[in-house]
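We number each residue from 1, following the sequence as shown.
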Amino acid sequence: MSVSSSGSAAYSGSLEDSNAQRGLWSSRLAFILAATGSAVGLGNIWKFPYVTGENGGGAFVLVYLLCIAIIGIPIMMAEVMIGRRGGHSPVNSIKAIAQRDGLNPAWKLVGAVGILAGFLILSFYSVIGGWAISYVGTTASGQLSGQTADAVGAIFSGLLSNPGTLLLWHTVFMALVMLVVAKGVRSGLERAVSILMPALFVLLLIVVGYAMTTGHFGQAAAFLFQPDFSKLTTSGVLVALGHAFFTLSLGMAVMMAYGSYLPKKISIAKTSITVSVIDTGVALLAGLAIFPIVFANGLEPGAGPGLIFQTLPLAFGQMPMGSLFGTLFFVLLIFAAWTSGISLLEPIVEWLEEQKGMNRTVSTLGAGVVCWALGIASILSLNLWADFAPLGFIPMLEGKTIFDLLDFFTANILLPLGGLLVALMAGWVMSKPAMEKELALSPGTFNLWFVTVRFITPIAVGVVFIYNLM
């Protein structure tokens with residue numbers, strides 16, 4: 001789309017024709033790969049296994065799958081629909097819809113909340129992506145071979161305590177993200193995910209195949225798929241609810257941005273369901289890749305956030321060919337983080353193109369550098385500023401560093417708030433006939449989605465939101 005120096009070009013004209021003036025995904029598969037690339041990230045391969053381990057395994061997985069169905073898919077459909085109907089960046093898509101449907105223009109803040117959430121997440125997500133890059137070299141060089149638990153822990157602690165090393169890998173990761181986003185929809189986003197996503201799936205299957213040789217694959221499968229509801233707590237249910245929301249990249253304007261590039265002929269419902277199924281499948285495969293290795297080495301499945309960077313490296317160091325498969329695993333982690341990082345930067349770049357009249361390269365460079373600079377605060381909070389808790393005077397935020405605050409603020413406030421507002425907008429204020437036309441579902445299927453997004457989803461997200469604040 002040709003964008004003038006004024007912001008008005010961003011949301012003027014026909015909603016039905018706006019998408020045709022911009023870059024579009026070449027096919028349904030391209031959108032699925034891009035959206036799946038956004039959804040499949042550290043949440044699947046880093047977070048899902050350890051929260052499953054912390055919350056008892058199979059019963060947690062079952063609740064998680066139900067949450068994907070009743071919260072994840074309906075909100076994803078709503079976000080993609082808003083993006084495609086508006087045909088612009090998340091803020092200007094909602095502004096265009098508000099003008100067309102006679103809504104309060106303040107609803108555009110829904111897009112702004114999502115863009116802000118994605119931008120803040122990327123600032124510290126890039127730091128974690130840098131850890132994965134660092135561990136490729138650490139594992140490939142054989143530094144983990146034969147090490148004790150204390151020695152492996154010291155390697156990770158040494159990485160976190162070195163701001164220069166963290167800055168280097170954070171910079172490399174952000175540069176990789178910016179390189180792809182700067183090239184645009186077809187040449188950048190679509191080309192990258194068409195290579196990275198198949199490579200990610202192949203790498204994951206290789207690691208799962210290796211996990212099958214440990215002799216503990218059956219134990220891992222039972223842990224994941226045999227529910228024991230005695231181990232499931234109320235807190236575990238709410239964690240499943242929140243993680244289902246986080247893992248699909250909801251509430252951060254990504255699906256609105258990607259939806260704005262979606263051709264009209266492609267079914268929003270089918271693609272949203274496909275993305276959700278693939279994302280869930282990757283999370284379960286990650287569990288099948290990780291837990292056999294954990295059980296084979298007598299380690300604890302509920303090891304928390306250190307599972308990937310401390311527990312698993314210990315296991316790789318003790319296993320035959322552990323350096324090779326450990327290296328493959330961390331390359332897999334980089335690919336997952338990279339595709340998600342691309343999607344987190346895209347919404348603000350799209351907005352800068354439209355609103356400020358910047359070209360794609362300049363808007364990517366501007367947004368990327370600011371995000372990179374913010375990431376430095378997260379890096380320092382892991383070492384030099386480790387004792388600095390900016391909001392420590394608030395009881396619930398006592399002891400939280402800048403890194404912790406960014407994680408808490410985005411995961412517990414901005415993402416649920418963004419998702420709740422999307423559900424309320426789609427369920428209560430947008431034109432129902434316009435949504436029926438955009439989704440192109442049968443009357444019965446549309447009504448099922450509409451009732452879910454109008455009543456069930458807002459209540460579920462609202463419960464998580466209030467619980468997190470408490």
Seminar exercise, completed: The reported gap from CG in N412 to OH in Y467 (rounded to nearest 0.5 angstrom) is 10.0 Å

Problem set entry | Contact summary for M435 and F446, nearest pair of heavy atoms | C-CE1, 4.0 Å

Exercise. Quick one: does D228's side chain have a donor or acceptor within less than 3.5 Å of a partner on S230's backbone?
Worked result: yes

Exercise. Looking at V91 and G111, what are the two nearest heavy atoms and their distance?
Worked result: CG2-C, 3.8 Å

For this session: Find out whether F465 and I413 are in side-chain contact, i.e. whether some heavy atom of one side chain is under 4.5 Å from a heavy atom of the other.
Result: yes

For this session: Take E354 and S89 through the side-chain hydrogen bond (donor to acceptor under 3.5 Å, both in side chains) test and state the conclusion after the steps.
Result: CA-CA 8 Å; E354 293 176 353; S89 67; 2.8 Å; yes

For this session: Please check if the distance between the ring centroids of F217 and F295 is under 6.0 Å.
Result: no

Exercise. Does P313 reach the side chain of F330, with side-chain heavy atoms less than 4.5 Å apart?
Worked result: yes

Problem set entry | Derivation and outcome, side-chain hydrogen bond (donor to acceptor under 3.5 Å, both in side chains), residues S93 and H88 | CA-CA 5 Å; S93 281; H88 298 290; over 6 Å; no

For this session: Mind running side chain to side chain contact (heavy atoms under 4.5 Å, CB included) on N297 and M319 for me, showing each step along the way?
Result: CA-CA 9 Å; N297 288 271; M319 291 161 24; 4.0 Å; yes

Problem set entry | salt bridge (Lys or Arg N to Asp or Glu O under 4.0 Å) partners of E346, counting only residues at least two apart | R360

Problem set entry | Test item: side-chain donor near acceptor, T311 and E300, under 3.5 Å | no

Exercise. Is there a donor-acceptor contact under 3.5 Å from the side chain of S260 to the main chain of G87?
Worked result: no

For this session: For W169 and G130, work out which heavy atoms get closest and say how close.
Result: CB-O, 3.4 Å

Problem set entry | Flag, side chain of T457 to backbone of I70, donor-acceptor distance under 3.5 Å | yes

Problem set entry | R191 side chain to R186 backbone, donor-acceptor under 3.5 Å | no

Problem set entry | Check: F48 and V61 side chains under 4.5 Å, non-hydrogen atoms | yes

Problem set entry | Side chain E79, main chain G251, donor-acceptor under 3.5 Å | yes

Problem set entry | salt bridge (Lys or Arg N to Asp or Glu O under 4.0 Å) partners of R454, counting only residues at least two apart | none

For this session: Please tell me if the side chains of L382 and S378 come closer than 4.5 Å, counting only heavy atoms from C-beta onward.
Result: no

For this session: Begin with the C-alpha distance, continue with both residues' side-chain angles, and end with the deciding distance and a verdict on side-chain hydrogen bond (donor to acceptor under 3.5 Å, both in side chains) for S267 and R28.
Result: CA-CA 8 Å; S267 167; R28 178 172 177 263; over 6 Å; no

Exercise. Counting distance only, does the side-chain N/O of W25 pair as donor-acceptor with the main-chain N or O of V185 below 3.5 Å?
Worked result: no

Problem set entry | Residue pair P74 / W449: nearest heavy atoms and the distance that separates them | O-NE1, 3.2 Å

For this session: Start with the C-alpha gap between W428 and F450, add the side-chain angles, then the distance that decides, and say whether ring pair (Phe, Tyr, Trp, His ring centres under 6.0 Å) holds.
Result: CA-CA 9 Å; W428 294 92; F450 187 68; 8.2 Å; no

Problem set entry | Point-to-point distance, once rounded to the nearest 0.5 Å, from CD1 of I115 to CG of L120 | 12.0 Å

Exercise. Any donor and acceptor pair, going by atom type alone, linking the side chain of S272 with main-chain N or O of A269 inside 3.5 Å?
Worked result: no

Exercise. Would V177 and S126 count as a side chain to side chain contact (heavy atoms under 4.5 Å, CB included) if you check the C-alpha gap in whole Å, the side-chain angles of each, and the deciding distance to 0.1 Å?
Worked result: CA-CA 9 Å; V177 170; S126 175; over 6 Å; no

For this session: Identify the two heavy atoms, one from W131 and one from F403, that lie closest to each other, and give their separation to 0.1 Å.
Result: CH2-CZ, 4.5 Å

For this session: With the side chain counted from C-beta on, respond yes when M81 and M430 share a heavy-atom pair under 4.5 Å apart, and no when they do not.
Result: yes

Problem set entry | Intermediate values then yes/no, side chain to side chain contact (heavy atoms under 4.5 Å, CB included), Y258 and L189 | CA-CA 10 Å; Y258 279 11; L189 306 181; 4.1 Å; yes

Could you pull out every donor-acceptor pair under 3.5 Å between side chains of residues 38-45 and any protein atom, sequence neighbours left out?
{"unit_1": "S38", "atom_1": "OG", "unit_2": "S249", "atom_2": "OG", "d": "2.9"}
{"unit_1": "S38", "atom_1": "OG", "unit_2": "S343", "atom_2": "OG", "d": "2.8"}
{"unit_1": "N44", "atom_1": "OD1", "unit_2": "G41", "atom_2": "N", "d": "3.1"}
{"unit_1": "N44", "atom_1": "OD1", "unit_2": "T247", "atom_2": "OG1", "d": "3.3"}
{"unit_1": "N44", "atom_1": "ND2", "unit_2": "D279", "atom_2": "O", "d": "2.9"}
{"unit_1": "N44", "atom_1": "ND2", "unit_2": "D279", "atom_2": "OD1", "d": "2.9"}

For this session: Quick one: sort the F60 and Y64 rings into parallel, tilted or perpendicular, breaks at 30° and 60°.
Result: parallel

Exercise. Can any side-chain N or O of S340 pair as donor or acceptor with the backbone N or O of A336 at less than 3.5 Å?
Worked result: yes

For this session: Could you tell me if the ring centre of Y135 sits under 6.0 Å from that of F309?
Result: yes

For this session: Hey, could you give me the CG/OG1 distance between L248 and T280, rounded to the nearest 0.5 Å?
Result: 6.5 Å

Problem set entry | Close side-chain approach of W338 to L196, heavy-atom, < 4.5 Å | yes

Exercise. Is there a side-chain contact between L159 and T138 (heavy atoms, below 4.5 Å)?
Worked result: no

Problem set entry | Test item: I71 and L241 side chains (from C-beta on) under 4.5 Å apart, heavy atoms | yes

Problem set entry | Gap between atom CD1 of I334 and atom CG of L200 - 0.5 Å precision | 11.5 Å

For this session: For W107 and I94, work out which heavy atoms get closest and say how close.
Result: O-CG2, 3.3 Å

Problem set entry | Over 12 non-hydrogen atoms of neighbours within 6.0 angstrom of NZ in K400 | yes

For this session: Answer with yes or no whether the side chains of T445 and S442 bring together a donor and an acceptor at under 3.5 Å.
Result: yes

Exercise. How long is the span from the CD1 atom in I75 to the CG atom in L420, to the nearest 0.5 Å?
Worked result: 8.0 Å

Seminar exercise, completed: Interatomic distance, OG1@T271 vs CG@L29, rounded to 0.5 Å, equals 11.5 Å

Exercise. Can M252 and L344 be said to form a side chain to side chain contact (heavy atoms under 4.5 Å, CB included), step by step?
Worked result: CA-CA 8 Å; M252 53 186 83; L344 292 169; 3.2 Å; yes

Exercise. Does F173 have its ring centroid less than 6.0 Å away from the ring centroid of W372?
Worked result: no

Exercise. Under 3.5 Å, is there a donor-acceptor pair between the side chain of T327 and the main chain of A140?
Worked result: yes

Problem set entry | Q226 atom CD: more than 12 heavy-atom contacts under 6.0 Å | no

